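Chain letters run A, B, ... following the sequence lines, proteins first, then strands; residues in each count from 1. Predicted, not measured: the structure shown is a model, and the values here were computed from it.
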Number of protein chains: 2
Amino acid sequence: MDKKLIQELIDRYVNVSFKVTKKAETLIKEQIGNDLTNDQHYMLRYIHHAEKCTSSELAEAFDVNKSAITAIINRLVEKGLIDRKRDETDRRVVYLTLSQSGTDLFEKTEKRIHKLVESIITKFEREEITGFIETYEKLSEMLQKMEKEQLGE
Amino acid sequence: MDKKLIQELIDRYVNVSFKVTKKAETLIKEQIGNDLTNDQHYMLRYIHHAEKCTSSELAEAFDVNKSAITAIINRLVEKGLIDRKRDETDRRVVYLTLSQSGTDLFEKTEKRIHKLVESIITKFEREEITGFIETYEKLSEMLQKMEKEQLGE
DNA sequence: CATGAACAATTCAACTGTTTAACTATATTT
DNA sequence: AAATATAGTTAAACAGTTGAATTGTTCATG
């Protein structure tokens with residue numbers, strides 16, 4: 001690729017990724033409503049998918065310090081959406097799971113987000129959107145690898 | 001498209017967009033360093049591109065209330081990176097511009113971010129990345145339109 | 001087996017970004 | 001001239017974040 005094209009692509013990527021990220025956050029917030037923040041919903045999503053997980057695991061997945069996770073989890077425990085339970089064999093570890101009302105709220109909200117995404121995805125041709133998501137996934141893997149390499153240095 | 005495929009695509013999209021957004025934020029923060037937050041850099045980027053703009057314009061571009069903009073701009077003015085100047089013909093309006101050191105810091109940091117993006121983009125085939133960015137841009141336009149429709153309702 | 005290192009999680013202080021409501025100052029409408 | 005609208009700021013309250021210190025637990029090794 002020649003330099004000029006690369007520069008153009010970089011500009012376009014930086015620009016479009018900023019816009020889409022911003023707008024997506026806003027649209028998701030509209031689906032979620034006032035019971036939860038976006039970050040709190042993402043937290044419920046992760047735990048729902050994992051069924052059971054630890055603060056350390058969340059800190060790694062969300063790329064933040066463990067103390068940030070403690071703060072978010074505290075708020076979700078206060079709302080009765082998450083349960084904390086110590087591991088009996090290693091009492092340093094605390095397992096997090098969704099409570100029944102946490103599961104209910106998550107599933108209700110996630111359904112609305114899925115409908116939003118569906119309404120967008122279905123406006124594309126099948127080939128275009130599958131190709132897009134495939135490249136997006138490649139990008140994701142690439143970023144994971146970059147992190148590992150940095151840790152290796 | 002059949003329902004099963006759509007469901008699969010939604011799942012994959014929700015999953016991958018979360019991961020990429022998170023990781024990209026982290027990587028950008030590494031490029032920016034400790035002089036600025038990511039949001040502050042994005043603010044400088046917008047003003048740099050516009051050359052001159054108002055709080056209201058920023059509030060719309062960033063999808064937040066004007067008071068959130070005031071807070072961020074205050075911090076950037078304190079750091080000497082942005083200048084405020086009242087419009088002489090309509091004294092309600094305040095124009096924001098980058099100071100010399102604001103311009104310097106922005107350009108230095110943006111260069112690092114561009115290198116980061118370049119290092120990623122150039123790992124893809126030309127057709128794949130251009131197709132990806134084109135679809136991404138379509139998506140962006142679609143989201144803009146959705147907002148207008150909502151306002152119209 | 002005792003002690004020190006390692007580890008999981010939490011607490012706390014300080015900060016950034018956000019919303020909402022109230023407010024100031026200015027401009028426009030009628 | 002008075003009412004209304006607009007641009008921006010302020011203040012209180014909250015969510016999310018970092019970084020350092022702390023608590024409680026486990027593990028290694030001398």
Distance-only criterion, 3.5 Å: show the donor-acceptor pairs between side-chain atoms of residues 71-80 of chain B and protein atoms not counting sequence neighbours.
unit_1, atom_1, unit_2, atom_2, d
N74(B), OD1, R84(B), NH1, 3.2
N74(B), OD1, R84(B), NH2, 2.7
N74(B), ND2, T70(B), O, 3.3
K79(B), NZ, D35(B), O, 2.9
K79(B), NZ, Q40(B), OE1, 3.3

(request) Could you tell me whether the side chain of V20(A) reaches within less than 4.5 Å of the side chain of E137(B), counting heavy atoms only? (result)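 Not in contact.
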
(message) Could you tell me if the side chain of K66(A) sits less than 4.5 Å from the side chain of S56(A), heavy atoms only?
(response)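 In contact.
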
In whole Å, I'd like the distance from the [atom1] atom of [X] to the [atom2] atom of [N].
| X | N | atom1 | atom2 | value |
| --- | --- | --- | --- | --- |
| N34(A) | dA15(D) | CG | C1' | 14 Å |
| Y95(B) | dT26(C) | OH | C1' | 14 Å |
| L58(A) | dT17(D) | CG | P | 12 Å |

(message) What does the B/S/- profile of nucleotides 15-21 of chain C look like, 5' to 3', with a 4.0 Å heavy-atom cutoff to protein?
(response) -SBBBB-

(request) Sugar-phosphate atoms are those with a prime plus P, OP1 and OP2; base atoms are the rest. Using that split, label each nucleotide of nucleotides 21-29 of chain D B, S or - for protein heavy atoms under 4.0 Å, 5' to 3'. (result) ---BBS---

(message) Below 30° counts as parallel, above 60° as perpendicular, anything between as tilted: where do the rings of F132(B) and F132(A) land?
(response)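 Parallel.
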
(request) Specify whether F106(A) and H48(A) have parallel, tilted or perpendicular ring planes, treating 30° as the upper limit for parallel and 60° as the lower limit for perpendicular. (result)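 F106(A) and H48(A): tilted rings.
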
(message) At a heavy-atom distance below 4.0 Å, what parts of residues 49-56 of chain A sit against DNA chain D?
(response)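 Going residue by residue through residues 49-56 of chain A, none turns out to have a heavy atom under 4.0 Å of DNA chain D.
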
(request) Please list, chain by chain and in numerical order, all residues satisfying salt bridge (Lys or Arg N to Asp or Glu O under 4.0 Å) with E25(A), sequence neighbours excluded. (result)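 Not a single residue meets the salt bridge (Lys or Arg N to Asp or Glu O under 4.0 Å) criterion with E25(A).
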
(message) Once salt bridge (charged side-chain N to carboxylate O under 4.0 Å, His left out) is applied, what residue pairs with a partner in residues 109-130 of chain A remain, sequence neighbours excluded?
(response)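 The answer is R45(A)-E110(A), E128(A)-K138(B).
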
